[in-house]
Asker: 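Let me begin by handing over the structure; questions about it come next.
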Protein chains: 2
Amino acid sequence: MTDTALEPPEDQATSAAHGDDKGPGSLHDELLGKLRDFIVEGNLADGARVPERALCELFNISRTPLREALKVLAAEGLIELLPNRGARIRALSPDDIRDLFDLMGGLEALAGRLACERITDEEIAEIEQIHHDMYRHYLRRDMHEYFRSNQAIHQKILAAARNPSLTATYANLSGRIRRVRYTANLARDRDRWGEAMREHEAVLDALRRRSGGELANILFAHLRNKRKAAQGQT
Amino acid sequence: MTDTALEPPEDQATSAAHGDDKGPGSLHDELLGKLRDFIVEGNLADGARVPERALCELFNISRTPLREALKVLAAEGLIELLPNRGARIRALSPDDIRDLFDLMGGLEALAGRLACERITDEEIAEIEQIHHDMYRHYLRRDMHEYFRSNQAIHQKILAAARNPSLTATYANLSGRIRRVRYTANLARDRDRWGEAMREHEAVLDALRRRSGGELANILFAHLRNKRKAAQGQT
DNA sequence: CACCCACTTTTTGCATTCATTTATTGGGAA
DNA sequence: TTCCCAATAAATGAATGCAAAAAGTGGGTG
């Protein structure tokens, strides 16, 4: 009972799975990541049964850890667990997708709002740099690179919000609709490419002025328009 | 191979645990709910180990379903799973709490924004009714009833947003900070009671005018002020 | 007396096994 | 032939058992 080794829990321990961080974790988490990728990448059809046994031998593990992973994925909303009928890939209805996009839009708006409070001049300069790159890609009609720059900007804003819980929640939703995004018709984006560029100008402007409320409005509307372009008009 | 019983998955199945709905579910979900309540209600101290064996005999189940439930709770962010050292109650730092409050504020802002698009006159009338009740409680200094009305209004706005994913995410975060809320000093609220009432007037006003952006700003600021009152000033 | 190392005990993680429920198939009756 | 029901087969949900890792303990040494 000396006082040398009397420390509180001494956590710097990485949380497991709710997404805050991607710590090394146990073997189990490795499986979880693999399985999540496997599903997100669309190897299973919407609404399809998740073949427990097949996955077991695919990953060379027994059912126990696999079932634990499935429970987690269900909690994340990627699959649904039917009482005594196993797991199914969660199929997203158009309404579900609309709701998820709105939710992501709300989170982006929040990120912008918080970023305005905390972002440094250097970070704004970085974003301006990416913005200019993006404009170059736009002029060259390089859709792929444009898209990458676009993502990078939103990611920078998210980072500037400095809110790990927000980042984790955003990542979770991203995962849920990634399946859709792969299949989504991005060509529609092309129609409003110029419009999107103008919206991004406005984003940068509001960010420079640190006008949180404005930026929130712009970012939410930005995602709204994106969704409308992708989804008929609903 | 007749065509009589050849239907697609035929889901109306309730998802398990990611919170969208509270379907009946299996026995497992019942355990999960009990365990979640057990933790949320604060029966275990912050950072304390979650005694696997003890909970097993408390709920009269074996370790397998318990561990599955723990995995889910970890995914929800209530506990953290340490690689080979078991589960611990997730302790929230002041920064974590600040971040969660901001996140909830962002979701409330979004709820307000969406509600402005979809709310009916009848629903607004209901909220006005509750608002007046709340004002009565305010005049009578009935903190408890005031608080209930307050909650009810925010809940109505959330419902008017008609976005199940948003509702589920909000519920999840609510659970995470409920532990804190219990211990939080609500007396501080009293100091800004009048201010909060005025903010609520503004909420109602923006809602009547269906001014989404404004309402978003007001609701976010509302939660910000609430947090500041509860948390020193950070 | 303090520190370190090996040993015991406990706990975790996973595999295996068992009971129950669900899906499937084959046969019989209308 | 078509429909329905019973018997079989398969899969799920949970309990137990086992190897490995961590925590706790005691003895020896500097």
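Values below: all heavy atoms of this structure, side chains included; hydrogens, waters and symmetry mates excluded. A note on names: the letters A, B, ... follow the listed sequences, proteins ahead of strands, and every chain is numbered from 1. Every value quoted in this text rests on a predicted model; they were computed, and no experiment measured them.
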Asker: Heavy atoms from C-beta onward define the side chain here; which of C/dG13, D/dT12, D/dA15 lies closest to that of B/Arg67?
Answerer: C/dG13
Asker: Establish, yes or no, whether the cationic atom of A/Arg113 lies under 6.0 Å from the six-membered ring centre of B/Phe220 and within 45° of the ring axis.
Answerer: yes
Asker: Let me check something: any side-chain donor-acceptor pairs from residues 48-59 of chain B under 3.5 Å, sequence neighbours excluded? List them with distances.
Answerer:
{"residue": "B/Glu52", "atom": "OE1", "partner": "B/Arg63", "partner atom": "NE", "Å": "2.8"}
{"residue": "B/Glu52", "atom": "OE1", "partner": "B/Arg63", "partner atom": "NH2", "Å": "3.3"}

Asker: Rounded to the nearest angstrom, tell me the gap between atom CG in A/Leu55 and atom C1' in D/dT12.
Answerer: 15 Å
Asker: Would you tabulate the nitrogen or oxygen pairs shorter than 3.5 Å linking the protein to nucleotides 7-10 of chain C?
Answerer:
none

Asker: When you compare the side chain of B/Glu68 with that of B/Leu32, does any pair of heavy atoms fall below 4.5 Å?
Answerer: no
Asker: Tell me whether B/Arg227 is salt-bridged to B/Asp102, with the criterion being a basic N under 4.0 Å from an acidic carboxylate O.
Answerer: yes
Asker: Measuring from atom CG of A/Leu207 to atom CG of A/Leu215, what distance do you get when rounded to the nearest 0.5 angstrom?
Answerer: 6.0 Å
Asker: When the distance from CG of B/Leu66 to P of C/dG13 is rounded to whole Å, what number comes out?
Answerer: 12 Å
Asker: Within this structure, what is the CG-to-P distance between B/Leu32 and D/dG13, rounded to whole angstrom?
Answerer: 14 Å
Asker: May I have the distance from A/Lys71 (atom NZ) to D/dT12 (atom P), rounded to whole angstrom?
Answerer: 11 Å
Asker: How long is the straight-line distance from NE2 of A/His222 back to CZ of A/Arg192, given to the nearest 0.5 Å?
Answerer: 6.5 Å
Asker: Contact between B/Val203 and B/Ile127 at the side-chain level, heavy atoms closer than 4.5 Å - yes or no?
Answerer: no
Asker: When the distance from CG of A/Asn60 to P of C/dG13 is rounded to whole Å, what number comes out?
Answerer: 21 Å
Asker: Could you tell me whether B/Glu76 and B/Arg36 make a salt bridge, using a distance below 4.0 angstrom between a side-chain N and a carboxylate O?
Answerer: yes
Asker: Can you work out whether A/Ser62 or B/Ala87 has the more 5'-proximal nearest nucleotide on DNA chain C?
Answerer: B/Ala87
Asker: Any luck finding a side-chain donor-acceptor pair between B/Ser93 and B/Asp96 under 3.5 Å?
Answerer: yes
Asker: Return the value, rounded to whole Å, for the distance between atom CG of A/Leu81 and atom C1' of D/dT12.
Answerer: 11 Å
Asker: Salt bridge between B/Glu117 and A/Arg224, side-chain N to carboxylate O under 4.0 Å?
Answerer: yes
Asker: Report, one pair per line, the protein and nucleotides 18-25 of chain C atoms (nitrogen or oxygen only) whose separation is under 3.5 Å.
Answerer:
{"residue": "C/dT21", "atom": "O3'", "partner": "A/Asn84", "partner atom": "ND2", "Å": "3.4"}

Asker: Is A/Arg148 atom CZ crowded by more than 12 heavy atoms from other residues, nucleotides or ligands, each under 6.0 Å away?
Answerer: no
Asker: With each end axis built from five pairs of C1' atoms, what bend angle do you get for the helix from C/dC1-D/dG30 to C/dA30-D/dT1? Round to 10°.
Answerer: 10°
Asker: Counting only side-chain N and O atoms of A/Thr64, is one of them less than 4.0 Å from OP1 or OP2 of C/dC14?
Answerer: no
Asker: When the distance from CG of B/Leu82 to C1' of C/dG13 is rounded to whole Å, what number comes out?
Answerer: 14 Å
Asker: Can you name the residues that form a side-chain contact (heavy atoms from CB on, under 4.5 Å) with A/Ala152, not counting sequence neighbours?
Answerer: A/Ile130
Asker: For the atom pair CD1 (B/Ile157) and CG (B/Leu110), what is the distance rounded to the nearest 0.5 Å?
Answerer: 12.0 Å
Asker: Whole angstrom is fine here: how far is it from CD1 in A/Ile61 over to P in D/dA19?
Answerer: 20 Å
Asker: Distances for protein N/O vs nucleotides 8-10 of chain D N/O pairs under 3.5 angstrom?
Answerer:
none

Asker: Is there a side-chain contact between B/Leu81 and B/Lys71 in this structure, where contact means two heavy atoms from C-beta onward sitting under 4.5 Å apart?
Answerer: yes
